[in-house]
Amino acid sequence: MARAAGRLQRFLAQLSRSAQWAALRRPAAFYSTAVTSAKVEVNGVHLHYQQTGDGNYAVLLLPGMLGSGQTDFGPQLKSLSKQHFTLVAWDPRGYGKSIPPDRDFPPDFFERDAKDAVDLMQALKFKKFSLLGWSDGGITALIAAAKYPNLIHKLVVWGANSSVTEEDVKLYNAIRDVSKWSERARTPMEEMYGHEYFSKICAGWVDGISQFRHKPDGSICQSLLPLIKCPTLIIHGEKDPLVPRFHPEYLHKHIVGSQLHFVPEGKHNLHLRFAEEFNEMVEKFLL
């Protein structure tokens, strides 16, 4: 457990450095002129999103645990083709600037996020769109692609899993107590949420994701995978400390016609650390 906790601490520190680097490297004019930041009411809550680009291909970016569009997708909002894509990065309810409400984790929170995400894009008048989902956002994207097949053009997921094992639960519990996080990993979250809310939703997330272990085969969305009909690209960092290799392999086996690409030096945040390679791969797949 101590070794697992140590690996997770190092990963979280890397993630915070990547997010901070991306924020520092963005031109000042980027957010003031190229990105629209707004809220729209969807399913009784006001969801925050950022939008950039004028391309014909609409793409929704779905962030990971505790994340937001801005913190999780800086290099994608900055560098993915504005000519080919219209990019929307959203904050799921209870995360980022989509507060209130406070984040909670009922048994159907992934399905709720999937409906919120799809309904947000419908509210923004996109008839069909692709999904880029990281980690929890990848799970949400899998569910959305399965449940709303007529709306989803293409799907890219990385760091995602369709079930929860005992090994996974041990990894999750290693990060429950945020006071044990390194200062480098903890500070950006406390700046976004404040210590009390950050601590609350981290513990809530651990309980929320762990509850799936008690379902048959630990399933989150395994039964939905065969319903995904759109072209699907699964990306996996071979050094990911949070998501073992068997998870993307399971997705690949059960999503008909899917592609699986491994990034040898990639960890959980491969789209930040290897942003140029990731963006090139995604653009090629989506176009």
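Hydrogens, waters and symmetry mates are skipped; everything else that's a heavy atom, side chains included, is used.
Not counting sequence neighbours, the partners of A145 by the side-chain contact (heavy atoms from CB on, under 4.5 Å) test are I152, L155, I228, C230. Every side-chain contact (heavy atoms from CB on, under 4.5 Å) that S199 has, sequence neighbours left out, goes to V178, H195. Legend: residues meeting side chain to side chain donor-acceptor pair (under 3.5 Å) with S223, ordered by chain and number and at least two apart, are absent.
Side chains of Y49 and L60 form no contact here, defined as non-hydrogen atoms less than 4.5 Å apart. Residues I235 and V263 form a side-chain contact, since some pair of their non-hydrogen atoms from C-beta on lies under 4.5 Å apart. In this structure, L142 and V157 have side chains that are in contact, with non-hydrogen atoms separated by less than 4.5 Å. With a 4.5 Å cut-off on side-chain heavy atoms, S68 and M192 count as touching. Using a 4.5 Å heavy-atom cutoff, the side chains of Y250 and S162 are in contact. Put simply, the side chain of M189 reaches to within 4.5 Å of the side chain of L66, judged on heavy atoms. The side-chain heavy atoms of Y57 and T86, taken from C-beta on, include no pair separated by under 4.5 Å. At least one side-chain heavy atom of P106 sits under 4.5 Å from a side-chain heavy atom of R112.
Of all heavy-atom pairs spanning P248 and L260, the tightest one is CB-CD1, 4.0 Å. Of all heavy-atom pairs spanning Q76 and D72, the tightest one is OE1-O, 4.1 Å. Residue E111 comes nearest to I220 through the heavy atom pair OE2-O, 4.3 Å, listed as atom of the first residue, atom of the second, then distance. The nearest pair of heavy atoms linking P241 to L171 is O-CD1, 3.7 Å. Shortest non-hydrogen contact noted between P244 and E167 is CG-OE2, 3.7 Å. When all heavy atoms are compared, the tightest approach of L272 to P75 is CD2-CD, 3.6 Å.
Classification of D104 and K200 as a salt-bridged pair fails, no side-chain N sitting under 4.0 Å from a carboxylate O. Ionic pairing of R93 and D116 is present here: one or more N-O contacts between side-chain nitrogen and carboxylate oxygen are shorter than 4.0 angstrom.
Judged purely by atom type and a 3.5 angstrom limit, Y197 has no side-chain atom pairing as donor or acceptor with the backbone of D102. Without hydrogens or angle criteria, S98 side chain to H48 main chain gives a donor-acceptor distance under 3.5 Å. S210 places a side-chain N or O within donor-acceptor distance of the main-chain N or O of V206, the cut-off being under 3.5 Å. Between the K267 side chain and the L242 main chain, no donor and acceptor come within less than 3.5 Å of each other. Between the side chain of Q83 and the backbone N or O of G55 there is no donor-acceptor pair closer than 3.5 Å. Here the side chain of E190 pairs no donor or acceptor atom with the backbone of T187 at under 3.5 angstrom. Judged purely by atom type and a 3.5 angstrom limit, S135 has no side-chain atom pairing as donor or acceptor with the backbone of G64. Side-chain N or O atoms of T71 include none that pairs as donor or acceptor with a backbone N or O of G67 at under 3.5 Å. Using modelled atom types, one side-chain atom of K82 and one backbone atom of L77 make a donor-acceptor pair closer than 3.5 Å.
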Side chains of residues 119-128: which donor-acceptor partners sit under 3.5 Å, not counting sequence neighbours?
{"from": "D119", "atom 1": "OD2", "to": "N43", "atom 2": "ND2", "distance (Å)": "3.1"}
{"from": "D119", "atom 1": "OD2", "to": "K115", "atom 2": "NZ", "distance (Å)": "3.0"}
{"from": "Q122", "atom 1": "NE2", "to": "F126", "atom 2": "O", "distance (Å)": "3.1"}

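Under the side-chain contact (heavy atoms from CB on, under 4.5 Å) rule, D113 has a single partner from L62, I143, T140, which is T140.
For F274 and F278, the ring centers are positioned 6.0 Å apart or more. Ring centroid separation for the pair H271 and F73 comes in under the 6.0 Å cut-off. In this structure, the ring of W158 has its center no less than 6.0 angstrom from the ring center of H261. Less than 6.0 angstrom separates the ring centroid of F198 from the ring centroid of W181.
A single hydrophobic cluster is not seen to contain both F246 and L251; linkage of ILVMFWY side chains at heavy-atom distances under 4.5 Å, directly or through other members, places them apart. Grouping the Ile, Leu, Val, Met, Phe, Trp and Tyr side chains by contacts below 4.5 angstrom, directly or via other members, places Y95 apart from V88. Under the 4.5 Å side-chain heavy-atom criterion for Ile, Leu, Val, Met, Phe, Trp and Tyr, F110 and L225 are members of distinct hydrophobic clusters. Grouping the Ile, Leu, Val, Met, Phe, Trp and Tyr side chains by contacts below 4.5 angstrom, directly or via other members, places L227 with I139.
If you check the side chains of H252 and S258, you find a donor sitting under 3.5 Å from an acceptor. Side-chain N/O atoms of D168 and T165 include a donor and acceptor closer than 3.5 Å.
Relative orientation of the W134 and H268 rings is tilted, given thresholds of 30° and 60° on the angle between their planes.
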Residue pair V243, H236: steps toward the side chain to side chain contact (heavy atoms under 4.5 Å, CB included) verdict: CA-CA 9 Å; V243 181; H236 186 67; 4.2 Å; yes
- prompt: Does the side chain to side chain contact (heavy atoms under 4.5 Å, CB included) test come out yes or no for L287 and H84, once each step is laid out?
  reply: CA-CA 8 Å; L287 291 175; H84 293 110; 3.7 Å; yes
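The salt bridge (Lys or Arg N to Asp or Glu O under 4.0 Å) analysis of residues 232-243, with sequence neighbours excluded, yields the pairs E238-R245, K239-E265. The salt bridge (Lys or Arg N to Asp or Glu O under 4.0 Å) contacts involving residues 211-234 comprise E166-R213, where partners must be two or more places apart or lie in separate chains.
To the nearest 0.5 Å, the span separating CZ on R103 from CD1 on I201 amounts to 8.5 Å.
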